[in-house]
Amino acid sequence: MQLTDKKIISVSKLIVKTFQRLGIDTIFGYPGSSVLSLYDELYQQDRINHYLLRHEQSAVHAAEAYSRVSGKCGVVLVTAGPGATNTITGIANAYLDGYPLIIISGQVATSAKGKGAFQEINFTEMVKHCAKAVLKIETAEDIEHSILQAYLLATSGKKGPVVIEIPKDILDSHTEYRNLSLPEDNKITYDNIDTQKVFELIKSSKAPLIISGGGVVHAKAFKELFTFSTMLNIPIVSTMMGIGTFPQNNSLYSGMIGTYGDIAANKKLISADLLIILGSRLNDRILNAFEFDKFNHKTIILVDINSEEISQNINVDYNCSCDIKYFLNEMTAFIKNTKYSVPLSSFEVEKNTQNAPLLSESLTMKKIIKELSEYIKDLSIKITTDVGQHQIALINNFQFNLPETLITSGGFGTMGFGLPAAIGASIASNKSPIILFSGDGSFQMSLSELAVCKEYNLPIKIMIMNNGYLGMVRQLQQEQCNERYYATAISNPDFVQLAKSYGIDGIKVDNSCDLKSVFDIALKNDRPYLMDFIIDPRENV
């Protein structure tokens with residue numbers, strides 16, 4: 001290497017230094033030969049912690065949950081070939097729910113590309129359909145700028161995952177460290193809000209309704225939403241990703257809307273003449289529960305950081321592309337100045353109507369959830385879920401009164417999300433207790449991550465709803481296939497013995513157990529713990 005005034009360092013060292021300057025202190029990943037030099041560089045520093053998950057998909061889910069809880073950009077590091085392709089489901093999940101990640105994947109050396117080299121795959125072409133952006137590194141000089149660009153893209157506007165693919169020979173090389181300027185705080189250019197028009201639309205409606213979506217979570221506009229809604233006496237429903245944005249014990253809240261939503265909430269959605277949609281795409285899981293023409297007679301105000309995502313079937317009367325917190329503050333200030341006399345809501349007081357009856361003489365999800373909700377009502381504890389009946393049962397029966405309590409897979413509906421998400425959430429909150437509410441089918445998709453819970457002594461409290469079925473599919477076969485159940489009954493291991501094989505204590509719970517005593521045992525310690533609930537397979541949501 002020639003002597004020069006330039007500061008020449010290894011590309012791996014440059015990546016680590018750039019991450020450190022960005023304030024990134026946590027990486028989730030799985031090593032391999034194409035990224036060994038970067039792992040070696042991580043070994044030689046102590047400002048960034050690396051967490052080894054047992055599968056690359058789990059690493060992405062953990063990074064997403066870490067981002068949700070910490071507010072930081074999650075980072076994932078994987079090798080080439082299957083290491084990279086295994087991340088795609090996790091990337092798609094973060095993309096649809098809108099959380100910032102940087103995924104660095106290795107790739108075969110540039111001289112080997114296109115020659116059928118070991119573990120060569122056109123990963124960037126595959127993943128570009130479910131990532132916010134994909135950056136292919138062509139030269140070592142591209143690296144520093146690309147990382148800063150990836151960070152800015154991931155954390156600005158509607159947040160999302162950005163992939164950086166680095167060939168092995170470039171990662172193993174040296175380049176100039178230019179100490180480029182870090183991205184400034186994201187400055188969003190907001191639409192000018194026509195506060196007068198919005199106010200007139202609200203004032204002329206007889207049955208207004210607020211739909212609170214995941215965008216409220218991203219904007220952290222919880223106090224602003226509460227002020228706006230209570231000041232105008234406007235009822236609120238939420239999407240799945242909007243759960244917890246408004247206290248559920250407040251009389252204005254009716255529940256979640258959509259296919260598996262609360263009956264009262266769906267009734268209000270149908271009868272409303274004005275919808276104020278805050279940070280929701282109104283995807284098919286909401287709209288398919290209704291006939292589209294039921295929406296076309298409504299007046300619709302849409303507020304979203306990316307308002308182009310609204311369903312094409314919906315006619316929007318006022319579209320505002322801006323930060324939701326900014327919108328709510330502007331409207332609250334304007335309405336206060338008008339000295340507007342708020343009329344009583346025309347909606348009847350009706351909420352939290354449970355769809356399915358409680359089965360007698362059996363242990364049910366509804367009973368477990370109701371007792372859990374009461375048990376932890378005074379605790380600030382986060383809950384992650386997998387996807388299926390248990391997820392819907394939790395949402396419809398647990399009382400989420402605090403924001404950012406529920407961590408679930410919304411847009412992609414990913415089974416296997418819950419356990420790695422609990423890991424990321426616990427790490428982000430300095431090893432705080434996290435409850436994982438899972439089903440027996442979902443849990444088996446990522447159960448190897450029990451090793452991570454034990455290795456890092458993460459106090460994750462695992463609650464498995466064990467009914468011996470892929471419950472949601474079984475319910476659909478009951479309703480749509482005349483009870484022809486095929487390929488939905490599943491065999492399960494002894495989950496308690498499985499946990500013990502990882503060094504984790506557990507208990508099997510049936511109808512003879514006192515649930516409060518079970519919660520006492522499980523939650524009042526600082527270690528991981530597994531509860532295997534044997535529930536009635538007939539229970540539907």
Side-chain angles (χ1 to χ4, degrees), residues 71 157-158 185-239 241-255 257 265 268-269 271-280 282 298-307 310 316-351 400-404:
K158 182 179 178 183
D185 291 339
N186 300 327
K187 295 179 180 178
I188 302 171
T189 301
Y190 301 132
D191 282 353
N192 291 323
I193 300 173
D194 190 341
T195 50
Q196 183 66 46
K197 180 175 180 179
V198 175
F199 173 66
E200 292 299 332
L201 290 173
I202 294 172
K203 190 169 66 169
S204 62
S205 70
K206 295 181 179 179
L209 182 67
I210 296 171
I211 298 177
S212 181
V216 177
V217 179
H218 289 293
K220 298 190 181 301
F222 316 115
K223 292 180 179 179
E224 292 77 10
L225 175 61
F226 186 85
T227 299
F228 178 76
S229 174
T230 54
M231 181 180 70
L232 292 176
N233 198 38
I234 300 178
I236 286 190
V237 295
S238 72
T239 66
M241 297 308 294
I243 293 289
T245 53
F246 194 86
Q248 296 189 351
N249 58 0
N250 189 285
S251 61
L252 286 174
Y253 183 79
S254 290
I257 56 174
K268 284 190 176 177
L269 182 59
S271 59
D273 64 355
L274 169 69
L275 299 180
I276 304 172
I277 304 171
L278 303 177
S280 171
L282 288 192
K298 301 179 187 298
T299 300
I300 292 182
I301 298 169
L302 173 65
V303 186
D304 200 297
I305 201 71
N306 183 9
S307 57
I310 191 73
V316 177
D317 296 272
Y318 181 76
N319 192 333
C320 185
S321 180
C322 73
D323 179 82
I324 292 169
K325 180 181 287 191
Y326 172 74
F327 171 85
L328 292 172
N329 280 331
E330 290 293 298
M331 287 307 306
T332 299
F334 178 86
I335 293 169
K336 282 182 178 178
N337 289 333
T338 65
K339 298 181 180 179
Y340 173 55
S341 179
V342 179
L344 294 175
S345 171
S346 65
F347 285 121
E348 295 180 2
V349 177
E350 182 183 6
K351 61 182 296 185
F400 292 96
N401 295 320
L402 296 175
E404 299 181 289

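Please read these numbers as outputs of a predicted model, since none were measured by experiment. Residue numbers run from 1 in the order of the sequence given.
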(message) Between Glu224 (side chain only) and Asn329 (backbone N and O only), is there a donor and an acceptor less than 3.5 Å apart?
(response) no
(request) Go through Ser280 and Thr239 one step at a time and tell me if the side chain to side chain donor-acceptor pair (under 3.5 Å) criterion holds. (result) CA-CA 7 Å; Ser280 171; Thr239 66; 4.8 Å; no
(message) Using side-chain heavy atoms (C-beta onward) and a distance below 4.5 Å, is Leu278 in contact with Leu328?
(response) yes
(request) From the options Ile202, Leu232, Leu201, Ile211, select the one residue that forms a side chain to side chain contact (heavy atoms under 4.5 Å, CB included) with Ile276. (result) Ile202
(request) Identify the heavy atoms of Pro208 and Pro235 that sit nearest to each other, and give their distance. (result) O-CD, 3.5 Å
(request) Nearest 0.5 Å please: distance from the OG atom of Ser238 over to the CD1 atom of Ile210. (result) 12.0 Å
(request) Nearest 0.5 Å please: distance from the OG atom of Ser212 over to the CD1 atom of Ile257. (result) 10.0 Å
(message) Using a 3.5 Å distance criterion without hydrogens, assess whether the side chain of Asp273 forms a donor-acceptor pair with backbone atoms of Ala207.
(response) yes
(message) If we ignore hydrogens and angles and just use 3.5 Å, is the side chain of Asn401 paired with the main-chain N or O of Pro247 as donor and acceptor?
(response) no
(request) Inspect the surroundings of CG in Asn337 and state if more than 12 heavy atoms from other residues, nucleotides or ligands are less than 6.0 Å away. (result) yes
(request) Mind checking the CG-SG spacing from Leu302 to Cys320? Nearest 0.5 Å is all I need. (result) 8.5 Å
(request) Please report the closest heavy-atom contact between Val216 and Phe222, naming both atoms and the distance. (result) O-CE2, 3.9 Å
(request) Report yes if the side chains of Lys298 and Asp317 come closer than 4.5 Å at any heavy-atom pair, otherwise no. (result) no
(message) side-chain contact (heavy atoms from CB on, under 4.5 Å) for Phe226 and Thr230? Distances and angles first, verdict last.
(response) CA-CA 6 Å; Phe226 186 85; Thr230 54; 3.8 Å; yes
(message) List the residues meeting side-chain hydrogen bond (donor to acceptor under 3.5 Å, both in side chains) with Glu404, not counting sequence neighbours, and say none if there are none.
(response) Lys220
(request) In plain terms, say whether Glu200 and Lys197 are close enough for a salt bridge, that is, a side-chain N and a carboxylate O under 4.0 Å apart. (result) no
(request) Measure the acute angle between the ring planes of Phe246 and Tyr253, then classify it against the limits of 30° and 60° as parallel, tilted or perpendicular. (result) parallel
(request) Decide yes or no for Ile193 and Phe334: does some side-chain heavy atom of the first lie under 4.5 Å from some side-chain heavy atom of the second? (result) no
(request) Kindly give the heavy-atom pair with the smallest separation between Thr245 and Gly242, and that separation in Å. (result) OG1-O, 2.6 Å
(message) Testing the basics here: between Gly279 and Asp304, what is the closest heavy-atom pair and its distance to 0.1 Å?
(response) CA-OD2, 3.4 Å
(message) Walk me through whether Leu209 and Val237 qualify under side-chain contact (heavy atoms from CB on, under 4.5 Å).
(response) CA-CA 7 Å; Leu209 182 67; Val237 295; 3.9 Å; yes
(message) Test your reading of the model: is there a side-chain donor-acceptor pair from Lys336 to the backbone of Met231, 3.5 Å cut-off?
(response) no
(request) Say whether, by atom type as modelled, one donor and one acceptor occur between the side chain of Ser229 and the main chain of Leu225 under 3.5 angstrom. (result) no
(request) Would you check if the side chain of Tyr318 reaches a backbone N or O of Asp194 as a donor-acceptor pair within less than 3.5 Å? (result) yes
(request) For the residue pair Ile234 and Leu252, establish whether any side-chain heavy-atom pair is separated by less than 4.5 Å. (result) no
(message) Within the 4.5 Å heavy-atom criterion, are Thr195 and Ile335 side-chain neighbours or not?
(response) no
(request) Measure across Met331 and Phe228 and return the closest heavy-atom pair with its distance rounded to 0.1 Å. (result) CB-CE1, 3.8 Å
(request) Enter the distance from Leu269:CG to Ser254:OG here, rounded to the nearest 0.5 Å. (result) 10.5 Å
